[in-house]
Structure formats: structure tokens, C-alpha cells
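Step one of this worksheet: look at the structure below.
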Number of protein chains: 2
Amino acid sequence: MTKDATTKTDADSPMHATKQRLIGAGLQMLLKHGYNDMGIQALLAATGTPKGSFYHHFRDKEDFALQVLDSYMAAVHDGLDACLQDASRPPLARVRDFFETTQRSYREEGYMGCLIGGLGQELSGISEVFRAKIAECFSAIAGRIAGCLEEARQRGDIPAGCNVRELADLLVDCWEGAALRSRLERKPDALNTMLDFYMGAVAGGGGVGQGTAPA
Amino acid sequence: MTKDATTKTDADSPMHATKQRLIGAGLQMLLKHGYNDMGIQALLAATGTPKGSFYHHFRDKEDFALQVLDSYMAAVHDGLDACLQDASRPPLARVRDFFETTQRSYREEGYMGCLIGGLGQELSGISEVFRAKIAECFSAIAGRIAGCLEEARQRGDIPAGCNVRELADLLVDCWEGAALRSRLERKPDALNTMLDFYMGAVAGGGGVGQGTAPA
DNA sequence: AAATCGGAATAGACCGGTCGGTCTAATGAA
DNA sequence: TTCATTAGACCGACCGGTCTATTCCGATTT
């Protein structure tokens, strides 16, 4: 079995500076332009990289985007680690904290939204590779959140009969929709409203849908 | 009012058959490929149209996509008309009916999702024209739904303190996220779960998050 | 230490293909 | 006639990707 050099994010190699630079700039460009509108030439010009280097480090454009996605997912998992594992806080608060942190990072990027959602929309119709990969990304994130919701369920913070996996998938899905809206409107309101609604509803309760008072 | 059953993309022109054909095929291709991956050549080949006809009816590719979007929105408004105006049914049931109808149409198209959401994700970062237009599309749909929710509020079907416009925006946003997930997984589960959750939560209540039993 | 070697990485000219878009001419209906 | 529409050859630009050449740098040899 030949060694699969593609799509590896892990750090068994030093990951040369040039490759890092390309992936970093590629993330920004993919967030803004999406896949099809991001040109290799533009990426090389923006980073001052000759073409030979790019095709030395990446098999082709698809391989590159998949590795950018791996890098993005690694950052997401880091965020999940940082938020969900703080055993001193109630599990629902940890989940909320993760999404509030994510929302902050969206703003810092200028409301370009979520790379996974963006590439998913653009490519799921034309690339089985991306479709499957991105579905797996969402599933992985939801899996992490489901674990935290299960803690909440066992503490009685959410109803015992809940299907935590379904609730976690739902949260991720709604989040992506709100992220699109926030991207379109260049403001975080949709994200905040969605999070308030979800947390209110899942915790069993009162006050649902009574956000900001009507004007 | 003209008979013009199909779309009122433009004012009151009879809308030539060739133009109709291009818009119809363009909708399918834009749903599957998105904007940047949809080639004019491919569209012309698929419809047997010479290039001269295309550029006679449309200024350029952007103009074409915008008109496809207009046509799509007209269909959405037709769906809203058909579902939301049936005064014999409770308003919340009408809202639900609209989304269930929409979900059925997604399946019939092979789970290509929503054109508005797809183009929104792909183009909002690079085209101010599309960004503003698509934001307006979502706003218009949410406005229609908010009207129906207001009826529900006045009947006491949802809490009196609700901000119906916010609730309607939220519904549209979460729907789009679930539509993306359903597209990625080629199945409607995410859409159904989302709708159940929303309706349960907004109506004030019980049973939230207790969908299908775990396997 | 100096010389040498070899693969990794850089460098950019170059390629075929396709893209969106233009142009001129033929055709059809009023 | 007149003008909207059809028809498709044609265009320059740019795309992703290949190719050959060069440079860099640590390991090996002496």
C-alpha cells in the first residue's frame, strides 16, 4: 500500500514555511472567493510564491483546497477543545461559549462566514470528494457537541428524553444558516438570535422568541 | 394583469420562448453547478441555443443569473401565496405547510437545495450586487412569513411578547442551514428535524428535541 | 574542514483548453 | 422595409497544470 501523501494535516513533517504561507493565504482567499473563483495565479501573486513551489507542495488545486479545509478543521477542533472541556462550567454554557467564540472570529474576518458551509454549498453538487468530506466535517463537529449535550442531559439541564445527537446536528445546521445570513448582512445579529432561541428552547423553555422588543 | 403565467421577471413583456428555455435550464444548472462553474457554452449546448440568442436576451452572465434568480423568487412567492393565504387553516399550520412543500420540491430536484442560499454563499464575498439582492430575497420571504406569524400571535398560538419579524428571520435562516445539510447528505432529515424543533419551540413548548427515537 | 553529492524547494517560461463576450450575417415576421 | 431574433465563427484573456532549469542545504566522504 502506497503512502497517501494527500490530505494530511498532521504534523509528522515540519510543514515548510512556504506551504504554511500558502495554506494561510488560501484560507482567506477561499473564504472570500470560494473555490472556483480563487485562482492559483492570484494566490501565488498574493504570497510571492512561484508556481513551481505550489505544485511541489500540492498535487493540484483540489488537493490544496482539501488541505486548507483540514487546517480549518484543526482550528475548529482546537476551539472545541478550549471551550467544551472546561469541567468547571455547566455543559450548556460551554456549548454556547464555543459558538460565541466562533461568532467573534467571524467578525474579525470581516463576516466571511464559515469555510465548511461555503465550500459545501459551492461544491457539493459537482464534487463527490468535497461533498463527502464536508458532510464528515459537520458530522464530526456535531459529534463533539453531542457529547457535551449528553453531559447536560445527565445533569437534567435538558429533558431526559432528548436525542442529543439530533439536537447537536440541528444546532450545527441552524448555525450555518445563520452564518450565511450574517455574511449577507455583514452583521452578527442572525447568529446571536439563533443562539438565544436554541438555548432557550433546548433548556426547556420560557421566553422563547422574545428577543429584542419590537420597535 | 397579463396572463403570463410563468414569471414576471421583467415588466410586462411576453417573454420569448427562447428566453424562457434559457432561464429554465439556467435554474437547473445554477442549482447544481453554482455561478462560477456554470459555463455559458454548456448552457447553450444543453438547450440547443446559439450564442447570439443568449446575448440578445441577456446583457451578460451576471444579468442572466439575476434574471434566473428573479424567476426563482417569483416561484417562491407563488408558493407563499398558495400556502399562507388559506384563511381556513391555523396560521402556524400554513407556515409549516409552505416549508413542507418546499422540502418536497427539494427532493424532486435531487436535493440541490435552495438557489438563493447557494448563490448567496458563493457570491456574497465577491459581488456587492448579488450580496444585496440575495439579502433582499431573504428579507422578502421572512416578511411574508412574519405576517402569518403575526396572525398566530394575535390568536394566541404563540406568546404575545414575540417579535414575529425576528422569529421569521430565524426560521428562514435555520431553514437554509438545514437545506445545506440536506443537500450534503442527500436526504431530507435535517429539514424535518429543524421544522419540528422550530414549531415545537415557537408554539411554547413541550417535547422539544424529542424527535425520532435513537436507533 | 573542504569537497561533493542529491534530493527538496524555488523559479518562471510555456502550453492547450476553455472562458465570457463580440462581430457579422442570415432569417423571420409584421 | 424594418427590426427583432437566430446563427455561429471568432477573439483575447486567463485558467489550471507541465516542464526544465536552477538554487538551496544538509548528509556523506575524504
Side-chain angles (χ1 to χ4, degrees), chain A residues 2-8 11-26 29-30 32-69 119 122-123 125-127 129-130, chain B residues 4 6 9-27 29-30 32-69 119 122-123 125-127 129-130:
Chain A
T2 53
K3 204 163 48 155
D4 183 8
T6 55
T7 311
K8 68 156 61 167
D12 65 338
S13 63
M15 181 76 97
H16 284 265
T18 298
K19 188 172 182 181
Q20 293 274 32
R21 203 162 18 95
L22 287 169
I23 287 179
M29 295 187 66
L30 285 174
K32 176 170 182 180
H33 292 270
Y35 183 82
N36 285 303
D37 190 55
M38 191 210 75
I40 304 290
Q41 312 257 25
L43 174 73
L44 301 179
T47 54
T49 312
K51 215 162 211 181
S53 297
F54 181 89
Y55 283 97
H56 172 75
H57 292 291
F58 306 99
R59 191 192 330 116
D60 54 21
K61 190 184 183 182
E62 174 180 285
D63 179 45
F64 173 70
L66 287 170
Q67 291 202 42
V68 172
L69 202 45
L119 293 182
E122 185 179 0
L123 300 175
I126 53 178
S127 164
V129 172
F130 276 99
Chain B
D4 190 16
T6 37
T9 285
D10 224 353
D12 48 358
S13 55
M15 184 79 94
H16 257 265
T18 298
K19 189 172 182 181
Q20 292 274 32
R21 201 161 21 94
L22 288 169
I23 287 179
L27 169 58
M29 295 187 66
L30 284 173
K32 176 170 183 180
H33 292 270
Y35 183 83
N36 285 304
D37 190 55
M38 190 210 77
I40 304 290
Q41 313 251 34
L43 174 73
L44 301 179
T47 54
T49 311
K51 215 163 213 184
S53 298
F54 180 89
Y55 283 96
H56 172 74
H57 292 291
F58 306 99
R59 191 184 331 113
D60 54 20
K61 189 184 183 183
E62 173 180 284
D63 178 46
F64 173 70
L66 287 170
Q67 292 202 41
V68 171
L69 202 45
L119 293 182
E122 184 180 1
L123 300 176
I126 53 178
S127 165
V129 171
F130 276 100

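Residue numbers begin at 1 in each chain, while the letters A, B, ... track the order of the sequences.
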Of all the heavy-atom pairs spanning B/Met29 and B/Gly39, show the shortest one and how long it is.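 Where B/Met29 meets B/Gly39 most closely, the heavy atoms are CE-O, 4.4 Å.
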
Closest non-hydrogen atoms of B/Leu43 and B/Gly26, given as atom of the first, atom of the second and distance, are CD1-N, 3.7 Å

Tell me which residues in residues 45-61 of chain B lie within less than 4.0 Å of DNA chain D, going by non-hydrogen atoms. B/Pro50, B/Lys51, B/Gly52, B/Ser53, B/His56, B/His57

Contacts of type side chain to side chain contact (heavy atoms under 4.5 Å, CB included), residue [X], not counting sequence neighbours:
X	answer
B/Phe58	B/Lys19, B/Leu22, B/Ile23, B/Phe54, B/Asp63, B/Phe64, B/Gln67
A/Asn36	A/Glu122, A/Leu123, A/Ile126, B/Asn36, B/Asp37
B/Gln41	B/Lys51
A/Lys61	A/Tyr35, A/Met38, A/Ile40

Which distance, rounded to the nearest 0.5 Å, do you find between the CG of A/Leu66 and the OG of A/Ser127?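 So the CG of A/Leu66 and the OG of A/Ser127 are separated by 7.5 Å.
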
For chain A, the stretch of DNA chain C it reaches, first to last nucleotide, under 4.0 Å of its heavy atoms: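 On DNA chain C, the outermost contacted nucleotides are C/dA8 to C/dA13.
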
B/Gln41 CD to D/dA13 P, in whole Å, measures 18 Å

Round to a whole Å and report the spacing from CG of A/Leu43 to P of D/dG17. 13 Å

Set of side-chain hydrogen bond (donor to acceptor under 3.5 Å, both in side chains) partners for A/Thr49, sequence neighbours left out: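 A/Thr49 satisfies side-chain hydrogen bond (donor to acceptor under 3.5 Å, both in side chains) with A/Arg21, A/Thr47 once adjacent residues are dropped.
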
